Amino acid sequence: MSAPGKFRFVAVAALSVAALGLAPGTAAGAAACGALFDDFHYSSHTDGLLAQHGWEVRSGAGGPGVGGARWAPEGITFPTSDGDKVLQLASATDGTPRGTTQTEIMQSDRRFFEGTYAARIRFSDAPASGPDGDRINQTFFTISPLRYDNDPIYSELDFSEYLPNGGWGGAGPVNFQTSWHTYTPDPWYAENKSDSQRRSVDGWHFVAATVSDGHIRYYIDGALVADHDRGGPFDVYPRQAMSLNVNQWFIDLTQHSGGTSTYLEQVDWVYYAKNEVLTPQAAVDRAAAHRSSGVRFADDLGGC
């Protein structure tokens with residue numbers, strides 16, 4: 001796999017701001033309210049700076065994923081890739097729940113709502129070791145708690161859910177963008193809007209989204225791939241602030257073929273501008289400006 005340059009915007013050089021369907025401005029008329037940027041320069045999952053910077057590494061039990069699997073903090077590491085540190089999530093399975101580890105890291109304080117989200121993410125079509133074929137889900141998303149079945153203010157935005165080997169009754173590779181109204185876990189019932197790209201996104205990609213004026217617009221490498229609004233049977237526009245999350249988990253273990261397989265998802269950086277609508281290119285440029293200035297972490301979201 002060959003990665004694009006750190007900040008080379010690969011898909012929209014010929015597109016104007018108007019063609020992308022948005023322009024720089026504020027979300028829903030609210031005042032811009034700071035930004036979060038992280039370049040993931042940490043030593044390990046036990047680095048005290050993670051908590052100081054608002055990150056929580058998951059270790060508790062529960063969904064999503066395989067029942068009985070373990071959420072493994074040690075699967076969160078910060079290796080060097082292309083000369084720069086990245087966040088890496090390593091999830092593994094031997095085909096049994098007890099032998100399965102999943103990984104998640106989150107900005108657990110729920111202060112993410114309208115504005116612009118962007119990240120540079122490396123998705124993987126094949127495991128780093130072991131046989132291929134497992135139904136793995138590599139993600140970047142925001143979410144609020146589901147207080148009870150069909151919670152009317154439940155909010156979730158899946159900027160990318162990449163299934164290289166398929167799942168949920170379909171074949172892979174496929175990348176989903178899903179905006180949620182609500183759901184019931186058992187028996188399963190969901191109200192959402194979803195789009196997908198049925199192609200490989202193996203390697204490094206810029207993932208972005210804007211949340212403003214009743215629209216959630218999703219972008220991959222600058223190309224608009226989904227626009228979810230309040231129309232239709234389900235209002236999927238978020239109704240409350242959410243946490244910001246990255247995780248990698250197994251949908252099921254039915255396709256495992258023996259031995260232990262380890263899958264990797266990497267994040268080079270993440271950026272969020274609160275209450276501010278940016279083009280994907282502008283978000284990438286802001287991240288680049290931080291890095292060129294030697295800024296590894298910045299957070300001035302404030303209390304608004």
Side-chain angles (χ1 to χ4, degrees), residues 1-11 32-58 73-90 103-109 111-112 115-124 138-142 159-160 162 201 203-210 219-222 242-248 264-274 276 278-302:
M1 297 176 288
S2 61
K6 282 285 182 182
F7 291 98
R8 183 166 63 87
F9 203 53
V10 297
C33 190
L36 169 75
F37 169 77
D38 205 327
D39 198 23
F40 296 114
H41 276 252
Y42 302 101
S43 60
S44 73
H45 73 278
T46 61
D47 191 330
L49 282 176
L50 282 168
Q52 291 180 37
H53 292 170
W55 294 104
E56 178 182 343
V57 178
R58 184 173 180 180
E74 69 274 13
I76 301 292
T77 59
F78 301 92
T80 297
S81 176
D82 297 337
D84 189 64
K85 280 204 165 191
V86 299
L87 162 65
Q88 178 170 283
L89 297 85
T103 43
E104 181 167 12
I105 186 169
M106 68 196 82
Q107 284 275 328
S108 52
D109 285 350
R111 53 191 184 138
F112 301 90
T116 301
Y117 299 82
R120 184 173 183 256
I121 302 177
R122 187 178 192 173
F123 301 103
S124 301
Q138 302 169 354
T139 77
F140 174 44
F141 64 103
T142 57
F159 309 127
S160 273
Y162 184 51
V201 292
W204 286 107
H205 295 275
F206 294 114
V207 177
T210 61
Y219 301 83
I220 303 294
D221 294 328
M242 300 162 283
S243 62
L244 181 68
N245 304 252
V246 182
N247 67 15
Q248 184 178 221
L264 304 180
E265 177 184 1
Q266 294 180 338
V267 184
D268 188 13
W269 51 263
V270 65
Y271 179 79
Y272 168 64
K274 187 173 182 178
E276 189 175 9
L278 303 170
T279 66
Q281 179 67 71
V284 170
D285 289 345
R286 287 197 181 178
H290 279 305
R291 293 176 67 158
S292 65
S293 300
V295 175
R296 295 177 176 177
F297 175 81
D299 182 355
D300 62 349
L301 291 177

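Because the structure is a prediction, the values reported are computed rather than measured. All values below were derived from every heavy atom in this structure, side-chain atoms included, with hydrogens, water molecules and symmetry-related copies excluded.
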*Donor-acceptor pair, Ser160 side chain versus Phe140 backbone, under 3.5 Å?*
no
*Can you check whether Ile76's main-chain N or O pairs, donor with acceptor, with Thr103's side chain at less than 3.5 Å?*
no
*For His41, does its backbone N or O pair with a side-chain atom of Asp39 as donor and acceptor, under 3.5 Å?*
no
*State which residues pass salt bridge (charged side-chain N to carboxylate O under 4.0 Å, His left out) with Glu265; sequence neighbours excluded, sorted by chain then number.*
none
*Which pair of heavy atoms, one from Ser44 and one from Leu50, lies closest together, and at what distance?*
O-CD1, 3.5 Å
*Residues in ring pair (Phe, Tyr, Trp, His ring centres under 6.0 Å) with His45, at least two apart?*
none
*Rounded to the nearest 0.5 Å, what's the gap from OG1 on Thr142 to CD on Gln107? Could you check?*
12.5 Å
*Would you name the heavy atoms of Leu244 and Trp55 that are closest together and state the gap between them?*
O-CZ3, 4.4 Å
*N/O donor-acceptor pair under 3.5 Å between Lys274 side chain and Gly115 backbone*: no
*Describe, in one word, how the ring planes of Tyr271 and Phe37 are oriented to each other, choosing from parallel (under 30°), tilted (30 to 60°) and perpendicular (over 60°).*
tilted
_Exam field: side chain Asn245 to backbone Ser243, donor-acceptor pair closer than 3.5 Å_ = yes
*Using atom types as modelled and distance alone, determine if a side-chain donor or acceptor of Ser124 lies under 3.5 Å from a backbone N or O of Leu264.*
yes
*Does Ser108 use its side chain to pair, donor to acceptor, with the backbone of Glu56 at less than 3.5 Å?*
no
*Parallel, tilted or perpendicular: ring planes of Phe40 versus Phe78, cut at 30 and 60 degrees*: parallel
*asked:* Does any part of the side chain of Thr279, heavy atoms only, come nearer than 4.5 Å to the side chain of Tyr219, both counted from C-beta?
replied: no
